[in-house]
Protein chains: 2
Amino acid sequence: MNKADLVDAVAAELKTSRADAARAVETILEAIQRGLKTDAKVAIAGFGTFVRRERKARKGINPVTKQPIQIAATTTCGFRPSPQLRDVL
Amino acid sequence: MNKADLVDAVAAELKTSRADAARAVETILEAIQRGLKTDAKVAIAGFGTFVRRERKARKGINPVTKQPIQIAATTTCGFRPSPQLRDVL
DNA sequence: CGTCCACCAAATCCGCCTTGTTCATCTGGG
DNA sequence: CCCAGATGAACAAGGCGGATTTGGTGGACG
């Protein structure tokens with residue numbers, strides 16, 4: 001499923017234009033991004049929780065050369081689906 | 001950040017009523033749920049990708065009694081943030 | 001206000017994560 | 001509607017990160 005498909009579904013459901021639906025999708029995603037950046041956690045009841053996560057440096061292997069490499073610490077984010085979402089899947 | 005906060009941010013950004021923003025959020029989340037259920041993957045460019053994931057049965061520990069327990073196989077979903085989202089965080 | 005949901009603890013093992021190229025697909029503006 | 005530019009998926013192997021379990025409670029949601 002693409003962003004275009006998502007926008008289509010939203011437009012159909014809300015009975016709005018595709019442009020409005022696209023704007024809504026964009027805005028919500030940006031809001032989540034900002035929330036993650038500022039609060040480090042975005043909990044959406046009945047759906048799941050986005051969590052900003054600091055990953056320490058660790059050792060890994062370059063799958064191409066198969067040589068040990070050092071992976072620098074990064075900041076990523078995880079997602080914990082709510083039980084409700086799990087039941088759907 | 002709560003769903004209420006998210007709705008507030010969206011309403012402010014789109015200059016719509018809180019009720020409309022709430023409907024938009026709900027609708028989009030439901031659309032993502034359906035997409036995950038039917039297509040097993042929802043790719044949103046510049047944000048990330050939701051992936052339905054099958055998890056095998058394994059052994060765990062009851063945190064209360066600290067006794068080993070058997071965990072049945074479940075279906076859950078993961079989220080891979082796009083490089084763009086990672087850069088923001 | 002009543003109900004429902006997320007969080008928290010400790011311990012374990014599953015599977016995600018890394019690199020880098022190629023290719024398919026998607027995107028968004030003209 | 002279409003094309004050029006761009007984005008991400010796939011693939012390899014292996015180590016270690018983190019997702020997961022129960023049950024109560026505080027807080028959120030409608």
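- Remark: C1' of C:dC16 and CZ of A:R53 are 12 Å apart, rounded to the nearest angstrom.
- In this structure, the CZ atom of A:F50 is 13 Å from the P atom of C:dA6, given to the nearest Å.
- Ring geometry for A:F47 against A:F79 counts as tilted: the plane angle lies between 30° and 60°, on a 0 to 90° scale.
- Across all strands, A:G78 comes closer than 4.0 Å to no nucleic acid atom at all (heavy-atom distances).
- Contacts of B:T76 with the nucleic acid, taken as non-hydrogen atoms under 4.0 Å apart, involve only primed sugar atoms and P, OP1 or OP2.
- Put simply, CD on B:Q84 is 18 Å from P on C:dC26, counting in whole angstrom units.
- With A:T74 as the fixed residue, the side chain to side chain contact (heavy atoms under 4.5 Å, CB included) test singles out one of A:R53, A:E54, A:R55: A:R55.
- Smallest separation of non-hydrogen atoms from B:L36 and B:V42: N-CG2, 3.6 Å.
- In this structure, B:M1 atom CE and C:dA6 atom C1' are separated by 17 Å, rounded to whole Å.
- Applying the 4.0 Å criterion to OP1 and OP2 of C:dT18, one finds that B:R86 has a side-chain N or O inside that range.
- Atom CD1 in A:I71 sits roughly 15 Å away from atom P in C:dC16 (whole-Å rounding).
- Counting any heavy atom pair closer than 4.0 Å across all strands shown, A:K56 reaches no nucleic acid atom.
- Between B:I61 and A:P83, the one whose closest nucleotide on DNA chain C sits nearer the 5' end is A:P83.
- Heavy atoms of A:T49 sit under 4.0 angstrom from primed sugar atoms or phosphate atoms, though from no base atom.
- Here the C1' atom of nucleotide C:dT19 and the CG atom of A:N62 are 5 Å apart, to the nearest Å.
- Between the CZ atom of A:F79 and the P atom of C:dC7 there is a distance of 11 Å, given to the nearest Å.
- Taking 4.0 angstrom as the limit, A:N2 places a side-chain polar atom (N or O) nearer than this to OP1 or OP2 of C:dC26.
- The nucleotide range of DNA chain D contacted by chain B, defined by atoms under 4.0 angstrom from heavy atoms of the protein and reported 5' to 3', is D:dG8 to D:dG30.
- Position along DNA chain C of the nearest nucleotide to A:G60 versus B:A43 favours A:G60 as the more 5'-ward residue.
- In this structure, B:K3 pairs ionically with B:E26, as a charged nitrogen and a carboxylate oxygen lie closer than 4.0 Å.
- A:S82 comes within contact range of the sugar-phosphate backbone alone, with a heavy-atom separation under 4.0 Å but no base atom that close.
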